[in-house]
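A short write-up of the structure that comes next.
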Amino acid sequence: MLLAEVARVSKEVAETSARSRKTALLAGLFADAPPEEAGLVISYLSGRLPQGRPGIGWRTLGQEAEPADAPTLTVLDVDTAVGELAATRGAGSVERRGRVLAGLLGRATAAEQVFLRSLLSGEVRQGALDAVALEGVAAAAGVPAADLRRAVMLDGSLPRVAAAVLAEGAQALCTVTLRVGRPVQPMLAGTAKSVAEALGALGPCAVEEKLDGIRVQVHRDGADVRVYTRSLDEITERLPEVAELARSLPGERFILDGEVIGRAPDGRPVPFQEIASRVGSRVDVGAARRTLPVVPCFFDVLAVGEDVLLDLPVRERYAALAALVPEDARVRRLAVEDPGEQEAEAEEFWAETLRRGHEGVVVKGLDSAYAAGRRGRHWLKVKPVHTLDLVVLAAEWGHGRRTGLLSNLHLGARTAEGTYAMLGKTFKGLTDQMLRWQTEALRALATSDDGFTVRVRPELVVEIAYDGLQRSSRYPAGVALRFARVLRHRPDKTAAEADTVATVLAAHAA
DNA sequence: CAAAGCGCATC
DNA sequence: GTCGGAT
DNA sequence: ATCCGACGATGCGCTTTG
């Protein structure tokens with residue numbers, strides 16, 4: 001199949017807003033794809049490369065290339081080139097990769113270049129990724145989307161399952177089962193503003209501590225233990241403690257879901273950044289382990305022995321977990337069978353969890369199944385929110401649907417010297433109307449515009465919500481906001497009324 | 001040989 | 001990771 | 001109820017640059 005066809009459909013998908021129409025466009029192409037190329041086509045149109053990230057970023061993609069006049073590239077040609085890109089490493093690799101990329105782009109028409117650049121950069125921006133492509137596959141193969149979705153969650157790969165179902169039909173889905181040793185898309189949590197709100201939404205539930213670490217899925221089959229991240233990358237070698245603990249458990253075969261954290265000598269959890277550093281260290285795991293040992297805390301079990309537990313309710317899965325994992329390797333939890341009667345108890349659990357230094361709680365419906373790969377409304381996370389009044393120091397021009405609007409705000413707190421210390425940026429929480437308003441308001445305050453960033457007189461105050469502070473080597477206060485978002489503009493306030501660095505730091509002093 | 005730049009992963 | 005918009 | 005895309009800070013490892 002020609003890349004031109006894929007690029008054309010991608011463009012059409014991008015230009016239609018209705019999801020049903022996107023699905024139909026994708027289904028048409030998937031049905032046309034030769035069986036041996038279907039996986040590739042589906043992968044590209046769901047915005048992924050089978051090789052994963054190819055080591056090509058905005059910098060490398062910046063190079064210009066004279067487009068070809070006529071489309072000759074096939075998807076197999078692209079796959080070959082991407083394989084080369086991904087395999088290129090060592091001294092001189094940047095230049096070699098650049099040449100391979102130039103060669104590929106040189107064989108592509110202008111339209112194909114647009115698609116290739118977006119695909120390689122990881123931002124297809126066609127309003128359709130995995131989920132919509134999955135609908136397209138289901139339509140093309142004539143199978144129920146729900147059946148296909150379940151198979152993909154268990155298998156972990158849409159292109160693989162899709163190729164099989166297009167070739168063999170619905171029966172291909174029957175052979176996909178949960179297997180120990182093959183990672184499953186983890187279930188995700190929605191958000192609630194308060195414990196009371198979560199209790200009200202869920203009824204009988206479990207309130208669990210939410211640990212601020214790295215999500216892990218641990219598979220054991222006899223002596224073979226593997227640890228996977230949330231994105232299903234295998235990180236077993238980086239976390240020997242986790243593998244050791246899994247081997248020590250009284251079960252030969254299981255799949256556990258949990259979070260890896262570190263504990264200070266007093267038992268309190270170490271900051272997320274330290275865990276990220278530890279889990280990210282690959283070259284000298286021994287040294288990293290000595291510096292910061294980690295512990296897994298499990299909160300779910302997806303399989304044990306020959307039994308698949310995904311469809312069992314939380315209460316039964318937790319009983320299985322308790323039978324397998326000792327208490328000190330499990331998350332603390334409170335069962336709330338009667339939310340009406342136990343609200344105070346739940347609130348106290350939340351307060352105690354925060355006193356222990358954890359991130360918040362996750363509230364789970366006791367009768368819900370494990371919805372692999374979904375952001376279930378049966379799991380709701382609750383975290384404390386902090387707010388500040390900060391001053392806009394600059395704003396960046398937006399992209400995509402925010403083109404022409406000032407979007408990303410540089411946020412400053414007042415210093416003792418009467419200047420402003422930047423604490424981070426945010427573009428979140430802004431409605432279209434707020435974007436329009438701030439674009440005009442900031443234009444009026446502009447002191448410079450380099451086409452990327454507009455610097456402004458520090459006069460506009462914004463109310464910012466954030467989750468906490470993190471150590472920063474980039475920002476002058478030595479600290480940055482985590483997950484900052486705009487609550488509202490405060491044109492009624494003057495910059496002199498904004499919060500100071502000192503009060504920000506004081507609010508988080510332990 | 002150290003610093004900077006880049007890409008990619010976590011949240 | 002959070003959030004708003006669209007379906 | 002879902003999905004998507006608008007982009008955040010940070011740390012590691014690799015490669016290039018000074």
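Just so you know, these numbers come straight off a predicted model, no measurement behind them. Below, read A as the first sequence line, B as the second, and so on, with proteins coming before strands; counting in each chain starts at 1.
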Determine the contact category for [X]: base if any of its heavy atoms lies under 4.0 Å from a base atom, sugar-phosphate if only primed atoms, P, OP1 or OP2 are that close, otherwise nothing.
X        : value
A:Gly213 : sugar-phosphate
A:Ala276 : nothing
A:Val279 : nothing
A:Gln126 : sugar-phosphate
A:Ala465 : nothing
A:Val132 : sugar-phosphate
A:Ala484 : nothing
A:Lys428 : base
A:Asp467 : nothing
A:Thr426 : nothing
A:Ile275 : nothing

Ignoring backbone atoms, establish whether [X] has a side-chain N or O less than 4.0 Å from OP1 or OP2 of [N].
X        : N      : value
A:Arg21  : C:dT7  : no
A:Arg377 : D:dT2  : yes
A:Thr229 : B:dT10 : yes
A:Arg485 : C:dC3  : yes
A:Arg374 : D:dC3  : yes
A:Ser20  : C:dT7  : no
A:Asn408 : D:dA6  : no
A:Lys381 : C:dT2  : yes
A:Gln273 : D:dG11 : yes

Closest to side chain of [X], choosing from [options]:
X        : options               : result
A:Ser231 : D:dC3, D:dA9, B:dA9   : B:dA9
A:Leu129 : D:dC4, D:dC12, D:dT15 : D:dC4
A:Arg125 : D:dC3, D:dA6, D:dA9   : D:dA6
A:Arg401 : C:dT7, D:dT15, C:dG5  : C:dG5
A:Glu396 : D:dG8, D:dC14, D:dC3  : D:dG8
A:Thr431 : C:dG4, D:dG13, C:dT7  : C:dG4
A:Arg19  : B:dC11, D:dC7, C:dT7  : C:dT7

Any side-chain donor paired with an acceptor under 3.5 Å for [X] and [Y]?
X        : Y        : answer
A:Asp257 : A:Tyr370 : yes
A:His489 : A:Glu463 : no
A:Thr503 : A:Thr500 : yes
A:Gln126 : A:Ser10  : yes

Between A:His399 and A:Thr403, what is the shortest heavy-atom contact and its length?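 In terms of heavy atoms, the two residues are closest at C-OG1, 3.5 Å.
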Looking at every heavy atom in both A:Thr236 and A:Arg226, which two are closest together, and how far apart are they? OG1-CA, 3.3 Å
Round to the nearest Å and state the distance from [X] atom [atom1] to [N] atom [atom2].
X        : N      : atom1 : atom2 : result
A:Phe427 : D:dA6  : CZ    : P     : 10 Å
A:Ile214 : D:dT10 : CD1   : C1'   : 11 Å
A:Glu259 : B:dT10 : CD    : C1'   : 10 Å
A:Leu405 : D:dA6  : CG    : P     : 13 Å
A:Asp233 : B:dG7  : CG    : P     : 19 Å
A:Lys383 : C:dC3  : NZ    : P     : 9 Å
A:Phe483 : D:dG8  : CZ    : P     : 14 Å
A:His399 : D:dG5  : NE2   : C1'   : 13 Å

Could you check which residues of residues 39-63 of chain A get a heavy atom under 4.0 Å from DNA chain B? Sort them by number, please.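 Within residues 39-63 of chain A, the residues near DNA chain B are A:Arg53, A:Pro54, A:Gly55, A:Ile56, A:Gly57, A:Trp58, A:Arg59, A:Thr60.
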So is A:Arg482 actually on top of A:Phe272's ring, under 6.0 Å and inside 45° of the axis? yes
Check: A:Leu435 main-chain N/O paired with A:Thr439 side-chain donor or acceptor under 3.5 Å: yes
Taking the ring centre of each residue, are A:His386 and A:Phe483 less than 6.0 Å apart? no
What I want to find out is whether A:Arg215 reaches A:Glu259 closely enough, with some N-O distance under 4.0 Å, to be called a salt bridge.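 No, this pair does not count.
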Toward the 5' end of DNA chain D, by each residue's nearest nucleotide, A:Arg402 or A:Gln470: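 Closer to the 5' end of DNA chain D: A:Arg402.
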Map A:Glu135 and A:Val479 onto DNA chain D by nearest heavy atom, then report which one ends up closer to the 5' terminus.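 With A:Glu135 and A:Val479 compared, the 5'-side residue is A:Glu135.
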Stepwise, does the side chain to side chain contact (heavy atoms under 4.5 Å, CB included) test hold for A:Val94 with A:Arg59? CA-CA 11 Å; A:Val94 168; A:Arg59 188 88 228 204; over 6 Å; no
Toward the 5' end of DNA chain B, by each residue's nearest nucleotide, A:Ser121 or A:Arg215: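 Per heavy-atom nearest nucleotide, the more 5' residue is A:Ser121.
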